[in-house]
Protein chains: 2
Amino acid sequence: MYELFFQAFNEKVPLTSEEQETIKTFLTPKKLRKKQYLLQEGDICKYIAFVEKGALKSYVIDDAGTERITQFALEGWTISDLYSFLTGEPATYHIDAIEDAELVLISKAAHEELLQKVPKYETYIRLQITGAYIALQRRLTSIISLPIEERYKNLIALYPSIVQRVPQHMIASYMGLTPETLSRVRGRVSGKK
Amino acid sequence: MYELFFQAFNEKVPLTSEEQETIKTFLTPKKLRKKQYLLQEGDICKYIAFVEKGALKSYVIDDAGTERITQFALEGWTISDLYSFLTGEPATYHIDAIEDAELVLISKAAHEELLQKVPKYETYIRLQITGAYIALQRRLTSIISLPIEERYKNLIALYPSIVQRVPQHMIASYMGLTPETLSRVRGRVSGKK
DNA sequence: AAATTCCCTTGATTTTAATCAATGACTGAT
DNA sequence: ATCAGTCATTGATTAAAATCAAGGGAATTT
């Protein structure tokens with residue numbers, strides 16, 4: 001249990017087996033069926049979720065009632081509404097399962113105790129969030145500086161598994177486009193090359 | 001010296017005066033004139049810069065040769081090409097001064113030694129980057145889910161000092177718009193209210 | 001003080017993406 | 001096996017932003 005989680009952890013910060021056992025006592029496994037919510041807007045986000053298996057997405061609903069996807073999380077990724085988790089304020093994002101999923105949950109209490117008791121946990125979190133920050137910065141830069149076709153090619157290059165596994169209308173939502181527009185972009189991209 | 005830096009640090013993680021003195025030995029002050037570079041694309045990013053005074057921006061140049069601003073940093077903010085800083089790879093961003101500025105620089109060597117020697121520094125960095133991540137996530141969410149007018153209003157509400165101090169064509173660049181479009185958006189926003 | 005550069009606005013036109021609408025393929029459930 | 005729902009594509013039209021172009025202030029330089 002928690003294989004992938006500890007694999008990812010050890011790659012960032014190598015753990016002794018005692019440390020690993022300590023950390024284990026703070027983790028909770030959870031399974032989620034496709035379409036089930038992990039978090040709904042307005043609720044307090046109680047967990048950081050690490051994806052052992054399956055796929056989730058986080059999103060907001062815009063004024064027109066359309067789902068706007070802010071993040072995907074496949075195996076090995078972490079997902080949460082971090083602001084809500086850290087502050088206890090109501091969540092601004094929804095999170096649900098795109099596919100049946102197995103998660104490793106870290107509760108707020110566990111998170112705080114781990115930060116106190118296991119120095120390597122703080123390092124893990126720091127590195128984790130640094131990686132997430134850099135990825136987000138890249139995504140934002142590509143949105144404001146590249147034409148749509150290039151953004152789509154980048155997405156394929158960077159996250160081929162997302163493009164393969166996730167329905168296209170979700171990719172469109174993630175890119176801030178309509179499904180029709182993405183379909184035409186795909187036509188142009190594959191036609192041209 | 002370093003007043004604002006330590007004020008920001010202490011707000012996140014309170015320091016004893018000894019700790020503060022230790023950290024001081026790792027910091028370097030630097031002044032930058034308006035339009036001077038702190039970093040150019042392709043160079044290795046050697047510093048994390050904290051802004052004591054003045055204003056900087058980071059940006060990329062797109063295929064059409066247009067500057068696309070990814071971040072502003074006013075007093076109290078931190079700016080860097082974090083990926084380049086951490087990995088030693090060539091920078092993808094330019095950073096320069098919008099106004100004459102006074103900075104506090106943390107070099108790579110200082111950063112690493114501080115992480116080793118001063119546990120509170122790691123906590124500071126963790127909280128710092130967490131805040132930056134949350135801010136970036138908000139910005140991205142507003143880009144993909146809100147109409148331009150709302151995005152502009154949000155920007156004014158969240159960062160009034162940026163909108164006041166920075167020329168409008170830079171705000172346009174930051175929002176991924178042309179200056180003409182932003183000008184018309186402003187007309188609509190002020191006309192309507 | 002004059003000249004130059006920078007900055008913002010406004011108008012006309014073109015380009016791009018969104019919307020509206022319809023169709024066919026595939027999926028899953030009963 | 002059928003029916004409902006999901007999903008992607010394509011076409012026609014509308015809406016929005018970019019581009020092209022020009023002008024007028026304000027600030028900075030000489």
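Reminder, nothing fancy here: chain letters follow the sequence lines and each chain counts from 1. Everything numeric in this text was worked out from a predicted model, so none of it was measured.
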R186(B) side chain near dT9(C) phosphate (N/O to OP1/OP2, under 4.0 Å):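 For dT9(C), OP1/OP2 do have a side-chain N/O of R186(B) under 4.0 Å.
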Gap between atoms [atom1] and [atom2], on [X] and [N] respectively (whole Å):
| X | N | atom1 | atom2 | value |
| --- | --- | --- | --- | --- |
| Q164(B) | dC8(C) | CD | C1' | 18 Å |
| I144(B) | dA18(C) | CD1 | P | 13 Å |
| Y152(A) | dA17(C) | OH | C1' | 17 Å |
| D100(A) | dG28(C) | CG | P | 12 Å |

For the rings on [X] and [Y], is their centre-to-centre separation under 6.0 Å?
| X | Y | result |
| --- | --- | --- |
| Y93(A) | Y59(A) | no |
| F72(B) | Y174(B) | yes |
| Y121(A) | H111(A) | yes |

Positions of residues 171-183 of chain B (non-hydrogen atom under 4.0 Å from DNA chain C), listed by number: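 Of all residues in residues 171-183 of chain B, the ones placing a heavy atom under 4.0 Å from DNA chain C are E180(B), S183(B).
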Bend angle of the helix from dT9(C)-dA22(D) to dT30(C)-dA1(D), from helix axes over five pairs at each end, nearest 10°: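 Roughly 40° between the end axes, to the nearest 10°.
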Donor-acceptor pair between T78(A) and Q128(A) side chains, under 3.5 angstrom: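 Short answer, yes.
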Residues which pass side chain to side chain donor-acceptor pair (under 3.5 Å) with T123(B), listed by chain and number, not counting sequence neighbours: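 T123(B) satisfies side chain to side chain donor-acceptor pair (under 3.5 Å) with E122(A) once adjacent residues are dropped.
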Listed partners of E75(A) passing side chain to side chain donor-acceptor pair (under 3.5 Å), at least two apart: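 For E75(A) the side chain to side chain donor-acceptor pair (under 3.5 Å) partners, ignoring immediate neighbours, are R165(A).
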Which donor-acceptor pairs under 3.5 Å do the side chains of residues 23-38 of chain A make with protein atoms, sequence neighbours left out?
unit_1: T25(A); atom_1: OG1; unit_2: T22(A); atom_2: O; d: 2.6
unit_1: Q36(A); atom_1: OE1; unit_2: R33(A); atom_2: N; d: 2.7

Value rounded to 0.5 Å, distance of OG in S80(A) from CD1 in I48(A):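 CD1 of I48(A) is found 5.5 Å from OG of S80(A).
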Toward the 5' end of DNA chain C, by each residue's nearest nucleotide, K35(B) or R184(B):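 Here K35(B) is the residue nearer the 5' end.
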Neighbour count >12 (heavy atoms, 6.0 Å) for atom NZ, K108(B):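 Above 12, so yes.
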Evaluation steps, side-chain hydrogen bond (donor to acceptor under 3.5 Å, both in side chains), between T70(A) and S58(A): CA-CA 6 Å; T70(A) 57; S58(A) 70; 2.7 Å; yes
Closest-nucleotide 5' rank along DNA chain D - winner of K34(B) and I148(B):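 The residue whose closest nucleotide sits nearer the 5' end is I148(B).
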ILVMFWY network linking V104(A) to V118(A), side-chain heavy atoms under 4.5 angstrom: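 Yes, V104(A) connects to V118(A) through the hydrophobic network.
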Chain A footprint on DNA chain D, 5' to 3' - any atom under 4.0 Å from a heavy atom: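 Both ends considered, the range comes out as dC7(D) to dA12(D).
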